[in-house]
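Take a look at the structure below.
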Amino acid sequence: GPGHGHWSYADKDEWPLEFPDCGGQMQSPINIDTNSTIFSRELQPVVLAGYNLDPSEQLSLMNNGHTVVLRLPGSLTIASGYPQEYRAMQLHLHWGSPEGPGSEHTVDGRRYDGEIHMVYYNPSSDSIKEAMRQPGGLAVLAAFLQVGPEDNVHYQHLLEQLHEVQEEGKETTVAGFNIEGLLPANLGRYYRYSGSLTTPSCYQTVNWTVFNQTVLLSKEQISLLETTLQGDDDKDLQNNFRLTQSLHGRKVLASFQ
Ligand SMILES: NS(=O)(=O)c1c(F)c(F)c(SCCc2ccc(C(=O)O)cc2)c(F)c1NC1CCCCCCC1
Ligand SMILES: [Zn+2]
């Protein structure tokens with residue numbers, strides 16, 4: 001019930017009762033209708049800096065009950081492709097179940113198997129908490145995960161540790177690796193729109209980038225993601241995606257034609 005500050009994907013219809021922004025007019029995720037996107041030649045390729053982390057670096061991997069989160073050093077930045085510099089905070093995943101796909105965004109109504117979100121904050125804010133409340137204070141780079149013919153060696157760095165964080169609240173460490181390998185090769189083709197966090201408090205302060213090229217993982221890797229983690233009260237952590245939200249007149253830009 002209301003007031004206990006805790007939420008789940010099961011009670012997503014009640015989120016606005018407790019977190020008013022969740023009922024706002026600039027919510028995420030959205031369906032991207034490719035016939036309605038607007039080509040913008042200002043949208044330059046996203047350039048990332050500092051992503052090739054030395055194996056001596058230990059990164060925290062945690063099951064927070066809603067997803068699996070890899071904390072990222074603030075030294076990872078978006079060097080260009082956005083009007084200002086952003087610093088990395090964390091990355092996490094959204095997925096479905098053996099019964100169906102679990103991306104958050106959809107393209108022409110199609111839901112992909114999963115979705116990765118790399119979350120950044122605007123360093124000109126005094127703190128992350130403050131950045132979260134400023135329009136454009138956060139940026140999320142999103143890419144779709146799709147079943148392909150072979151294992152994705154970059155995702156193996158995360159997936160081989162999932163069994164260590166099976167229960168909610170469990171944490172382990174992952175040795176540094178090339179974080180950029182978790183994103184598609186082509187960072188020049190993407191959709192851009194203004195939206196929100198897809199989780200309470202749903203702050204409407206996120207500058208979204210959704211890459212056009214998908215990331216391929218093997219069926220076994222997708223299945224591992226879908227069947228390993230547990231969320232609240234030991235229930236399987238599956239289908240951790242929010243339904244698509246109305247655009248309310250927002251435009252979706254495309255960096256490509
Ligand atoms: N798609 S998304 O980016 O909105 C998103 C989700 F959909 C998410 F589901 C999540 S996880 C649920 C929110 C949460 C819970 C615990 C903790 C913690 O213990 O640190 C943190 C967050 C989640 F962590 C995020 N991203 C977080 C949003 C909450 C905090 C703001 C900055 C980090 C990005
Ligand atoms: Zn997310």
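Both counts, for ligands and for their atoms, begin at 1 and track the order of listing. Fair warning: this is a prediction, and the values are worked out from it, not measured in the lab. The analysis underlying the following values was restricted to heavy atoms, covering all of them including side chains, and did not include hydrogens, waters or symmetry mates.
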The one among V68, V206, T67 that brings a heavy atom closest to atom 10 (C) of ligand 1: T67
Set of residues satisfying side-chain contact (heavy atoms from CB on, under 4.5 Å) with respect to E226, sequence neighbours excluded: W95, P98, K219, I222
is_close_aromatic(F177, Y155), centroid dist under 6.0 Å: no
Nearest neighbour in protein (non-hydrogen) for atom 15 (C) of ligand 1: N64 ND2, 3.7 Å
Sequence neighbours excluded - side chain to side chain donor-acceptor pair (under 3.5 Å) pairs with any residue from residues 62-73: none
Salt bridge present between R87 and E85 (N-O < 4.0 angstrom): yes
Identity and distance of the protein heavy atom lying nearest atom 24 (F) of ligand 1: Q90 NE2, 3.3 Å
Nearest heavy-atom neighbours spanning R242 and T198: CD-O, 3.7 Å
Nearest-contact summary for atom 1 (N) of ligand 1 - protein heavy atom, Å: T198 OG1, 2.8 Å
Interatomic distance, H117 atom NE2 to M89 atom CE [nearest 0.5 angstrom]: 14.0 Å
Spacing of CG belonging to N212 relative to CG belonging to N186, to within rounding of 0.5 Å: 7.5 Å
Identity and separation of the nearest protein heavy atom to atom 9 (F) of ligand 1: Y9 OH, 3.3 Å
H117 neighbourhood, listing ligand 1 atoms whose heavy-atom distance to it stays under 4.0 Å: 1 (N)
Residue part near ligand 1, for F241, under 4.0 Å between non-hydrogen atoms: neither
Side chain, backbone, both or neither: Y203 near ligand 1, heavy atoms under 4.0 Å: neither
Atom 32 (C) of ligand 1 [closest protein heavy-atom partner, distance rounded to 0.1 Å]: M89 CE, 3.3 Å
Derivation of the ring pair (Phe, Tyr, Trp, His ring centres under 6.0 Å) call for H94 and Y112: CA-CA 10 Å; H94 297 270; Y112 288 85; over 10 Å; no
Heavy-atom closest pair, residues R192 and L43: NH1-CD2, 3.8 Å
Distance flag for atom 18 (C) of ligand 1, protein heavy atom under 4.0 Å: no
Protein heavy-atom partner closest to atom 3 (O) of ligand 1 - residue, atom, separation in Å: H92 CE1, 3.1 Å
Return a table of donor-acceptor pairs under 3.5 angstrom between the side chains of residues 73-84 and protein atoms on other chains or two or more places apart.
| unit_1 | atom_1 | unit_2 | atom_2 | d |
| --- | --- | --- | --- | --- |
| Y82 | OH | N207 | O | 2.8 |
| Y82 | OH | T209 | OG1 | 2.6 |
| Q84 | NE2 | Y86 | OH | 2.5 |

Heavy-atom side-chain proximity of D21 to S201 below 4.5 angstrom: no
Gap separating the CG atom of L247 from the CD atom of Q245, nearest 0.5 angstrom: 10.5 Å
Aromatic contact, F211 with H105 (centres under 6.0 Å): no
Ligand 1-proximal atoms of R242, by part, heavy-atom distance under 4.0 Å: neither
W208 and Y193 aromatic ring geometry - parallel, tilted or perpendicular at 30°/60° bounds: parallel
Sub-2.8 Å protein N, O or S atoms surrounding the Zn ion (ligand 2): H92 NE2, H94 NE2, H117 ND1
Protein contact to atom 20 (O) of ligand 1 [nearest heavy atom, distance to 0.1 Å]: R71 NH1, 4.4 Å
For atom 30 (C) of ligand 1, closest protein heavy-atom neighbour: M132 CE, 4.1 Å
Within reach of ligand 1, part of V119 (heavy-atom separation under 4.0 Å): side chain
Contact partition for H94 relative to ligand 1, non-hydrogen atoms under 4.0 Å: side chain
